[in-house]
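Each chain gets a letter, A, B and so on, in the order the sequences are listed, and its residues count up from 1.
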Amino acid sequence: MELILIFLSAALVNNFVLAYFLGICPFIGVSNKLSSAFPMGLATTFVMVLTAIVTWLIYHLILVPYHVEYLEYVSFILVVAALVQFVEMVIKKVSQPLYRALGIFLPLITTNCAILGLALFIVLKEYNFVESLFFGVGAGAGFTLAISIMAGIREELELANVPKPFRGAPITLIVAGLLALAFMGFAGMITV
Amino acid sequence: MKKQVSLAREYTKGLWEQSPVFKQVLGMCPTLAVTVSAMNGIAMALATTFVLVFSSFIISLIRKLIPSQVRIASYIVIIATFVTIVDLVMRAQFPELSKALGPYIPLIVVNCVILGRAEAFAAKNSPLRSLLDALGMGTGFLIALASLGGIREIIGSRTLLGMQVLPDAFEPWLIMILPAGAFLTLGLMMGFLNSMVERRKRRDEAAVLAQHMRKPAVAIMEGQEG
């Protein structure tokens, strides 16, 4: 039950994008079309889950026993960069079509603050291993949900007559604001 | 050989023309997340500027030593080092501020403004120029965060930098300090600034056009005399 709550809280109530403002860059940059937003969400989720596992192990098995917690940021970001590189290589070997579809977005995941944010939150909230795993899956699901909804709205927005100064980033931010308002409906549902 | 830009320009271009937040739409996460008050915004911008300035300078110094295949990883390690320094100093000196900014201080590591400047500027220019460029971008970031934080603080909690500026009769808009308010305020600010720029450009174009209209007339008259 506790684990399901952690999952729902990360995915809906404390959505990474709309409540914590993590991963705004791809959220605004790659949300033009649903066909690229959804795979991007899935790839990010995959990296998030791997990051949750690996950084938890590194923090609790290496950094804490040797009292070098101050190396947290340097080691985490290296782990993320290495993981993204690794995922890119695996996808290239296993599935060429998927690699071509994701191609440009994959390296960008390294600078997605949602990934590093996830690793930091896990340390901050003192989750155990299984909780971290659920937190990672939930955060990824929340990111995928937010970016897919955003892409759907922006596809419709193409047809709307937006005042010229508001085209591009401003209207996207305003839409995101309204989306954040909608997600506030989940607030208070679960408190973790 | 491309023309060298003056040193002063390297600084001032970051303030508005290439403002990281309003023009390049970079560094959105901290911009939106910490600007519930002007003070938080300023603190965040100063921390970011510190990291930006030192990492740009160092990267520019060693730009010829880094093989291009591993440059991004090297940049990130340099940036992460300075972020660790800032985080430890803030935790020791300003514990309350450090708590308020929470995980967003370590997240400076993945702030696209810093990596963006490293890749686009510091990797190709001299240390002095990179230093000025980073200072300019940092100031631009500070302007954006302070103004956004100021607006949200005034309307959302009636205060500015902790001092009450609006009367008690004004009911604070709770939405301004909630996440939704951050998106809406920044979106409206950007749209407003864009429309101001648009209007000025149109006026300038009209002025230029008027000049052009006059010039041929003068030329024709001179031609007749000759």
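Remark: L71(A) CG to T81(B) OG1 distance equals 9.0 Å, nearest 0.5 Å. A distance of 14.0 Å separates CE of M28(B) from CG of L22(A), quoted to the nearest 0.5 Å. A distance of 9.5 Å separates NZ of K164(A) from CG of N194(B), quoted to the nearest 0.5 Å.
Listed here is the closest heavy atom pair of G187(B) and P170(A): O-CB, 3.5 Å. For the residue pair L120(A) and P103(B), the shortest heavy atom distance occurs at CD1-O, 4.1 Å. Looking at every heavy atom in both residues, G191(B) comes nearest to P165(A) through O-CB, 3.5 Å. The two atoms that bring L181(A) and A180(B) nearest to each other are CG-CB, 3.7 Å, heavy atoms only. Here the closest heavy-atom approach between residue C113(A) and residue V110(B) is recorded as CB-CG2, 3.5 Å.
None of V83(B), I79(B), I105(B) except one satisfies the side-chain contact (heavy atoms from CB on, under 4.5 Å) rule with Y73(A); the exception is V83(B).
Among S195(B), P30(B), A33(B), the residue with the largest count of heavy-atom pairs under 4.5 Å with chain A is A33(B). Comparing L178(B), T84(B), L88(B), N111(B) by heavy-atom pairs within less than 4.5 Å of chain A, the highest count is held by T84(B).
Within the 4.5 angstrom heavy-atom criterion, only side-chain atoms of R91(B), from C-beta onward, approach chain A. For L26(B), no part lies under 4.5 angstrom from a heavy atom of chain A. Proximity to chain B (any heavy atom under 4.5 Å) is restricted, for V17(A), to the backbone atoms N, CA, C and O. Contact of L193(B) with chain A is not made at all, since no heavy-atom distance falls under 4.5 Å. When heavy atoms are compared at a cutoff of 4.5 Å, A176(A) approaches chain B by way of both its backbone and its side chain. Heavy-atom distances place no part of F183(A) under 4.5 Å from chain B, backbone and side chain included. Both the backbone and the side chain of L116(A) come within less than 4.5 Å of a heavy atom in chain B.
Atom CZ of R199(B) is surrounded by 12 or fewer heavy atoms from other residues, nucleotides or ligands within 6.0 Å. Around the CZ atom of F46(A), the shell of radius 6.0 Å holds no more than 12 heavy atoms that belong to other residues, nucleotides or ligands. Within a 6.0 Å sphere centred on NZ of K92(A), heavy atoms belonging to other residues, nucleotides or ligands number 12 at most. The environment of CZ in F170(B) is crowded: more than 12 heavy-atom neighbours from other residues, nucleotides or ligands sit within 6.0 Å.
F21(A) and F183(B) have their aromatic ring centers within a separation under 6.0 angstrom.
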Query - Step-by-step side chain to side chain contact (heavy atoms under 4.5 Å, CB included) determination, L173(A) to L184(B) - result: CA-CA 6 Å; L173(A) 284 168; L184(B) 293 175; over 6 Å; no
Query raised in the report: Are L78(A) and I76(B) close enough, and set up right, to give a side chain to side chain contact (heavy atoms under 4.5 Å, CB included), and what steps lead you there?
Result: CA-CA 8 Å; L78(A) 281 179; I76(B) 287 185; 5.8 Å; no
Query - F192(B) and F166(A): CA distance, side-chain angles, deciding distance, side chain to side chain contact (heavy atoms under 4.5 Å, CB included) verdict - result: CA-CA 8 Å; F192(B) 180 68; F166(A) 279 90; 5.7 Å; no
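Using a 4.5 Å heavy-atom cutoff, the side chains of L186(B) and I174(A) are not in contact.
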